[in-house]
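Written below as structure tokens is the structure these notes are about.
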Amino acid sequence: MEIIIRETAASATGIAARIIAKLLRDKPAAVLGLATGSTPLPLYRTLIEMNLDWSQVTTFNLDEYIGLPREHPQTYHSFMWENLFQHINISKDRVHIPDGNAADIPASCADYEARIREVGGIDLQVLGIGTDGHLGFNEPTSSLASRTRIKTLTRQTRVDNARFFGSESEVPHHVITMGIGTIMEARTNLLLAFGENKARAIAEAVEGPITSINPASVLQMHPAVKVCLDEPAASELKRADYYRWVYDNKPAWQTF
Ligand code: F6R
């Protein structure tokens, strides 16, 4: 894991944006995995401002609520079109978001996995982290080998996400999420976390044991993970000084 700690979320976001921009320049037909929530919003704004060419890019989103009408403002479909896709030259038929209204959800999850395989796998997956360590909506105790499927949200995640809805009772209980096994097959994983409320989940994920109680800890087994943090999100890391030293002393050929 490469742990990148910056003073501010804006600075950490800038690094994540440069990593993605480089990928799109090096590989115009890249396959990106995308996340929603508050964490990647500034990243998407930065990518829009960079005026990159998305015409050959394919995307797969991590997750979606089950049962909300597609045009509901809180579906991840609405989120992605509003905050990224409508502002870039991406082709609509290359955008993939799990279908929370599919008649046969298990079959649509299997199709989602097949589609990812057909395009050759995900080059880079953008990830946020839940306060309970979830990745996508893989809640604690999710199988570390899981594939795209239905999950039931924990009370904590519904409380955390109530800020986007009118109240906790409006947050759906059920979701579709890429599995941890799916995420682990991305060639690169780029995890972003900002704010003190993520500090414990990050410390457990980066420096704790690998355990399904903190699903993000499985990233320790992935060969290419970059973790972009602001200082508050890094505040419980025991080896933060080492990570800062590594970043500050990168050989020129390794810088972003
Ligand atoms: C969203 C997703 C979730 C979020 C996580 C953090 O697509 O996959 O795992 O990344 O819940 O959410 P925020 O960024 O709102 O704190």
Side-chain angles (χ1 to χ4, degrees), residues 9-10 12-13 16 32-46 59-66 68 72-85 95-100 109 112 122 124-142 144 146-165 168 171-184 186 189-202 204-205 212 214-219 225-230 232-234:
T13 292
L32 283 185
L34 298 175
T36 58
S38 4
T39 307
L41 270 176
L43 171 68
Y44 296 154
R45 278 197 291 271
T46 309
T59 64
F60 288 90
N61 263 79
L62 280 169
D63 41 16
E64 179 59 288
Y65 292 112
I66 290 179
L68 290 184
H72 185 288
Q74 295 310 331
T75 61
Y76 289 167
H77 180 273
S78 300
F79 176 101
M80 288 309 300
W81 281 96
E82 186 181 331
N83 294 302
L84 181 62
F85 297 146
V95 166
H96 304 85
I97 302 173
D99 181 358
C109 292
Y112 205 69
I122 293 172
L124 181 146
Q125 175 68 56
V126 176
L127 296 168
I129 186 170
T131 56
D132 59 5
H134 70 223
L135 289 184
F137 275 138
N138 294 283
E139 296 285 31
T141 72
S142 286
L144 298 183
S146 51
R147 313 301 309 190
T148 304
R149 71 206 182 294
I150 300 175
K151 282 296 287 181
T152 306
L153 295 182
T154 59
R155 171 91 205 284
Q156 180 64 55
T157 298
R158 293 183 64 248
V159 169
D160 287 348
N161 286 8
R163 68 191 194 279
F164 299 116
F165 291 77
E168 187 194 325
V171 183
H173 284 267
H174 294 108
V175 294
I176 300 173
T177 180
M178 271 187 206
I180 308 249
T182 323
I183 292 168
M184 289 294 282
N189 272 295
L190 180 59
L191 172 62
L192 282 70
F194 308 131
E196 206 180 339
N197 67 331
K198 300 293 173 71
R200 190 179 47 84
I202 283 293
E204 286 173 357
S212 66
N214 180 319
S217 63
V218 75
L219 293 172
V225 180
K226 295 188 192 327
V227 183
C228 296
L229 306 172
D230 64 0

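Counting begins at 1 with the first residue of the sequence. Worth saying up front: this structure is predicted, and the values here are computed from it rather than measured. Order of listing sets the numbers, starting from 1, for every ligand and every atom in it.
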Legend entry - Pick from G37, G136, P40: the one approaching atom 3 (C) of ligand 1 most closely through a non-hydrogen atom: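 It is G136 whose heavy atom sits nearest to atom 3 (C) of ligand 1.
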
Legend entry - Proximity winner for atom 6 (C) of ligand 1, if only heavy atoms of T39, I97, I129 are counted: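 Nearest heavy atom to atom 6 (C) of ligand 1 lies in I129.
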
Inset, instruction - Under 4.0 Å, heavy atoms only, figure out whether ligand 1 is touched by the backbone of E64, its side chain, both or neither. - result: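 Contact part for E64 vs ligand 1: neither.
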
Starting from [atom], which protein heavy atom do you reach first, and at what distance in Å?
| atom | value |
| --- | --- |
| atom 10 (O) of ligand 1 | G128 CA, 3.3 Å |
| atom 1 (C) of ligand 1 | T36 OG1, 3.1 Å |
| atom 8 (O) of ligand 1 | D63 OD2, 2.9 Å |
| atom 5 (C) of ligand 1 | H134 NE2, 3.4 Å |
| atom 12 (O) of ligand 1 | K198 NZ, 4.2 Å |

Inset, instruction - Not counting sequence neighbours, which residues clear side chain to side chain donor-acceptor pair (under 3.5 Å) with S212? List them please. - result: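 Counting only residues at least two positions away or on another chain, S212 forms no side chain to side chain donor-acceptor pair (under 3.5 Å).
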
Legend entry - Partners passing side chain to side chain donor-acceptor pair (under 3.5 Å) against E82 (at least two apart in sequence or in another chain):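 Checked E82 against side chain to side chain donor-acceptor pair (under 3.5 Å); zero matches.
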
Legend entry - Name of the residue among T59, L34, V95 meeting side chain to side chain contact (heavy atoms under 4.5 Å, CB included) with M80: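 Among T59, L34, V95, the one meeting side chain to side chain contact (heavy atoms under 4.5 Å, CB included) with M80 is L34.
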
Inset, instruction - Taking all non-hydrogen atoms of both residues into account, name the closest pair between N138 and S146 and its distance. - result: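 Reported closest heavy-atom pair: OD1-OG, 3.6 Å.
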
Legend entry - Least distance between heavy atoms, L219 atom then V225 atom: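 Taking every non-hydrogen atom into account, O-CG2, 3.6 Å.
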
Inset, instruction - Please state whether E139 comes within less than 4.0 angstrom of ligand 1, counting heavy atoms only. - result: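 Not so, E139 does not reach ligand 1.
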
Inset, instruction - Answer yes or no: is there a side-chain heavy-atom contact under 4.5 Å between N189 and Q125? - result: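 A side-chain contact exists here, since the closest heavy-atom pair is under 4.5 Å.
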
Inset, instruction - Identify, by atom number and element, the atoms of ligand 1 in contact range of L62, meaning under 4.0 Å from any of its heavy atoms. - result: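 Checking each atom against L62, I get 8 (O).
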
Legend entry - Numbering as shown, the atoms of ligand 1 that approach S38 to under 4.0 Å (heavy-atom distance):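 Going through ligand 1 atom by atom, the ones under 4.0 Å from S38 are 13 (P), 14 (O), 15 (O).
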
Inset, instruction - Describe, in one word, how the ring planes of H77 and W81 are oriented to each other, choosing from parallel (under 30°), tilted (30 to 60°) and perpendicular (over 60°). - result: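 Tilted.
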
Legend entry - Y65-F165 aromatic ring centre distance below 6.0 Å: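 So the answer is yes for these two rings.
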
